[in-house]
2 protein chains.
Amino acid sequence: MDQTDWRILAELQQDGRLSFNELARRVTLSAPAVAERVRRLERDGVIDGYRATVNPGKAGLPFTAFVQMRCMLGRCLLKTTAADEFPEIVEIHRLSGRACTMLKVRAASMAHFEGLVERLGEHAELDTHVVLSTPFEGRPVSADAIRARPVTPSEGWTTS
Amino acid sequence: MDQTDWRILAELQQDGRLSFNELARRVTLSAPAVAERVRRLERDGVIDGYRATVNPGKAGLPFTAFVQMRCMLGRCLLKTTAADEFPEIVEIHRLSGRACTMLKVRAASMAHFEGLVERLGEHAELDTHVVLSTPFEGRPVSADAIRARPVTPSEGWTTS
DNA sequence: CATGAAAAGCCTCACCT
DNA sequence: AGGTGAGGCTTTTCATG
């Protein structure tokens with residue numbers, strides 16, 4: 001993962017349909033050279049796919065919320081039901097701490113959202129956070145984040 | 001947004017690099033017909049882009065967390081600093097309720113994450129949730145979610 | 001919305017630096 | 001590891017029905 005790889009990732013995260021020719025031009029390399037790098041990134045799983053991004057609001061799902069679940073023993077959502085039963089769930093994360101799961105959900109209306117919360121409530125205690133607006137989502141992964149480590153723990157402390 | 005549009009969206013969310021030819025074959029339409037539909041979806045903003053999906057772990061950012069911020073007056077993150085200062089933040093959502101903001105952040109290490117939390121702590125009280133694993137993320141937006149409204153509020157209640 | 005053809009652009013290979 | 005050039009092919013986009 002050198003700097004050229006990061007430039008390629010930046011371009012492809014911004015436009016996943018760039019041709020090797022155009023991509024090569026942007027990172028000042030030849031087409032075969034970028035093609036080989038892209039294939040390596042794909043093979044290593046750094047790039048794990050190419051997707052069209054859908055605007056949920058325009059597609060009829062204007063409501064977004066985060067739902068934290070504190071699952072009741074033996075009734076955890078992930079154990080008892082397939083996620084297919086809840087197409088409104090667009091993300092599931094297992095958490096440390098008091099809540100066992102964080103969900104991101106999308107709904108077509110408040111009534112829809114209310115019904116969803118009722119169904120989810122059968123599996124766990126819920127802590128619901130309705131999203132008012134989202135300044136951004138899906139910001140590209142960049143080398144900047146890896147470099148940004150301004151505050152270091154105190155000397156002698158153990159870290160990972 | 002008829003059923004054909006949804007089939008197109010499903011295919012393009014799964015593989016954003018499909019050619020019109022291949023896409024046409026999958027939704028049993030001709031190439032010019034799908035091309036016109038895709039362009040309409042793009043023009044209307046239903047499709048708002050095409051992106052390569054990067055695996056954050058493979059790219060050097062294996063730690064994910066959600067951070068809820070209860071911003072101190074006049075020091076709200078979004079008002080006082082550009083988000084550029086925190087490349088670790090991959091999502092920002094404004095929330096209703098006690099917390100004013102939900103962040104999704106990615107870090108290279110625990111030490112990195114610790115530093116990030118310290119920097120963010122200057123802007124707000126934090127409620128941090130470390131992600132252990134994520135069963136899925138970025139599930140395609142589908143017509144199923146819009147159709148799924150099993151529980152309806154009681155008769156006569158006002159809903160939106 | 002389908003068909004078919006023409007033109008453009010793309011990928012990739014072999015070869016070389 | 002990367003550049004060049006040519007070959008062959010797919011894709012796109014018209015025209016027309």
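Quick note on labels: first sequence line is chain A, next is B, and so on, each numbered from 1.
Closest approach to the Ser30(B) side chain among dT3(C), dT13(D), dT4(D) is made by dT3(C) (side chain taken as heavy atoms from C-beta onward). In the set dT11(D), dC1(C), dA1(D), dA1(D) carries the atom at the smallest distance from any side-chain atom of Glu36(A). Looking at the side chain of Ala33(B), the nearest of the listed nucleotides dC1(C), dT3(C), dG5(D) is dC1(C).
Rounded to whole Å, atom C1' of dG9(C) lies 15 Å from atom CZ of Arg17(A). Following rounding to the nearest Å, Leu23(A) (CG) and dG2(D) (C1') show an atom-to-atom distance of 15 Å. Nucleotide dC10(C) holds its P atom 8 Å from the CD atom of Glu22(A), rounded to whole Å. Atom CZ in Phe20(A) sits about 14 Å away from atom C1' in dT10(D), given to the nearest Å.
A salt bridge between Glu11(B) and Arg7(B) is absent, with no side-chain N of the basic residue lying under 4.0 Å from a carboxylate O of the acidic one. Remark: Arg17(A) engages Glu42(B) in a salt bridge, criterion side-chain N to carboxylate O under 4.0 Å.
The phosphate of dC10(C) (OP1 or OP2) has a side-chain N or O of Ser19(A) nearer than 4.0 angstrom. An OP1 or OP2 oxygen of dG2(D) is reached within less than 4.0 angstrom by a side-chain nitrogen or oxygen of Arg37(A). Checking the phosphate oxygens (OP1, OP2) of dT10(D), no side-chain nitrogen or oxygen of Arg25(B) falls inside 4.0 Å.
Judged by distance alone, the side chain of His112(B) and the main-chain N or O of Ala148(A) form a donor-acceptor pair under 3.5 Å. Without hydrogens or angle criteria, Asp44(A) side chain to Val46(A) main chain gives no donor-acceptor distance under 3.5 Å.
Take the nearest nucleotide of DNA chain C for Asn21(A) and for Leu29(B): the residue whose nucleotide is more 5' is Leu29(B).
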